[in-house]
Amino acid sequence: MKIGIIGLPNSGKTTVFNALTRNTAETNAYSSGQIEPNIAMVKVPDERLDALAKMYKPKKLTPADVQYIDVAGMSGNAHESGGLNPQFLNYISQVDALLHVVRAFEDDGVPHPQDSVNAARDLASVDMELMFSDMAIIERRLSRLRGEVTKMVGKDREVRLMELNALERLYTGLEQDVPIRAQELSEEEAKVLRGFQFLSGKPMLVVVNIDEKQLKTPPVLEYDKPKTAIVTLAGKVEAELAQLEDEDAQMFMDDLGITEPARDRVIKASYTMMGLISFLTAGDDEVRAWTIRQGIGAAEAAGTIHSDLQRGFIRAEIVAFDDLMKAGDMAAAKKAGTVRLEGKTYVVKDGDIAHFLFNV
Ligand SMILES: Nc1ncnc2c1ncn2[C@@H]1O[C@H](COP(=O)(O)OP(=O)(O)OP(=O)(O)O)[C@@H](O)[C@H]1O
């Protein structure tokens with residue numbers, strides 16, 4: 001899973017990137033204008049994996065991972081100057097979700113592009129830029145489609161008409177300030193439009209970046225939209241915390257009244273917002289977590305491991321994590337009757353331990 005970190009200049013993107021990835025990328029009070037992104041992989045914390053590792057003592061332990069990409073190059077008035085930077089667009093259109101850093105911290109030493117701190121205003125202005133960018137793409141596509149569709153016949157015409165109608169609907173929504181992630185699309189429409197990678201269609205986690213003084217009474221930002229979540233964190237403190245060994249970090253957190261490092265909270269919020277869950281595989285060679293969309297069937301889940309497993313799927317042997325722990329090991333769980341055989345369409349649950357039987 002790839003998450004792109006965006007936000008206005010000096011909102012604290014690189015600081016938050018460092019907090020999430022335990023990196024030490026350079027941060028600067030004067031916006032760097034740097035466009036080469038900072039990229040890092042982060043292991044998704046999962047206590048169930050550690051428990052399984054104790055049981056199986058595998059040669060290898062592989063958590064799921066998330067890639068964070070910190071891309072600068074966004075301004076609050078790009079639409080007035082020819083649109084978003086193409087290099088920025090190139091990086092950001094490929095991510096699965098956006099993490100939008102909104103500045104709430106006050107510091108006269110760190111200039112704000114609008115000369116004042118106002119998180120709600122900045123949140124809306126970045127949203128607007130994403131929507132303008134999508135509208136420009138839709139306008140270009142519509143003007144071509146309208147000409148082409150009149151010359152088409154049969155199935156082609158049908159598909160293009162569906163695209164045209166869907167794009168017109170999305171455009172009307174965008175004109176009324178509704179981002180694409182908050183608009184309805186049928187499964188078929190979503191499939192036809194997937195290639196456009198609309199920015200306002202991506203799930204978005206809003207990170208309100210506060211300072212240490214605001215930790216006790218953080219500002220409240222209302223932002224209630226589908227496929228959107230909001231997390232408040234003190235970026236600078238969390239970036240320092242991320243550099244400490246566990247024991248020192250705990251003392252530091254106790255002092256500040258932080259119960260869980262932001263990097264864990266952010267990953268959890270991202271999973272929930274995107275409708276993602278993890279299933280696990282366990283054996284003597286490897287214990288591993290796999291990320292899937294909630295609601296998919298066993299065969300499709302098997303396909304995340306290898307396409308052969310999906311193609312030749314016979315059935316899945318499934319046990320819930322808690323049942324396996326209660327039994328003590330797989331043999332005991334089988335005896336207790338908690339290991340089930342499930343077919344292709346069984347909806348895989350978070351924490352299921354799966355073994356797939358297949359034949360190709
Ligand atoms: N929560 C915070 N509290 C106080 N200061 C902060 C906080 N977050 C970031 N800063 C400070 O704000 C400045 C800008 O931070 P940073 O370089 O991370 O922003 P950026 O959004 O990545 O900037 P750029 O526009 O260059 O991409 C730095 O001096 C950083 O230390």
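Everything numeric in this text was worked out from a predicted model, so none of it was measured. Counting convention: from 1, in listed order, for ligands and their atoms alike.
- Side chain of D211 to backbone of E106: a donor-acceptor contact under 3.5 angstrom is found.
- Put simply, part of S11 is less than 4.0 Å from ligand 1, judged by heavy atoms.
- Within ligand 1, counting atoms from 1 as listed, the ones closer than 4.0 Å to a heavy atom of P9 are 25 (O).
- Heavy-atom proximity to atom 1 (N) of ligand 1, evaluated over I210, D211, V16, is greatest for I210.
- Looking only at distances, no side-chain donor or acceptor of E158 sits under 3.5 Å from a matching main-chain atom of G154.
- Each of the atoms 18 (O), 19 (O), 20 (P), 21 (O), 22 (O), 24 (P), 25 (O), 27 (O) of ligand 1 lies under 4.0 Å from some heavy atom of K13.
- At a 4.0 Å cut-off, not a single heavy atom of D107 sits close enough to ligand 1 to count as contact.
- Taking a 4.5 Å side-chain heavy-atom cut-off between Ile, Leu, Val, Met, Phe, Trp and Tyr, the cluster of L341 contains only that residue.
- Looking at T14 against ligand 1, both its backbone and its side chain come within 4.0 Å, counting heavy atoms.
- Comparing A19, G12, A239 by heavy-atom distance to atom 19 (O) of ligand 1, the nearest is G12.
- Atoms of ligand 1 lying under 4.0 Å from at least one heavy atom of G235, given by number and element, are 1 (N).
- Between the D96 side chain and the K2 main chain, a donor and an acceptor come within less than 3.5 Å of each other.
- Of the N or O atoms in T15, one or more lie within a sub-3.5 Å distance of an N or O in ligand 1.
- D350 places a side-chain N or O within 3.5 Å of a backbone atom of S278 that can act as its donor or acceptor partner.
- When only modelled atom types and interatomic distance are considered, T24 and Q243 share no side-chain donor-acceptor pair under 3.5 Å.
- Contact check for M128 versus D177: side-chain heavy atoms found under the 4.5 Å cut-off.
- Atoms of ligand 1 found under 4.0 Å from any heavy atom of N209, numbered from 1 in the order shown, are 1 (N), 2 (C), 7 (C), 8 (N), 9 (C).
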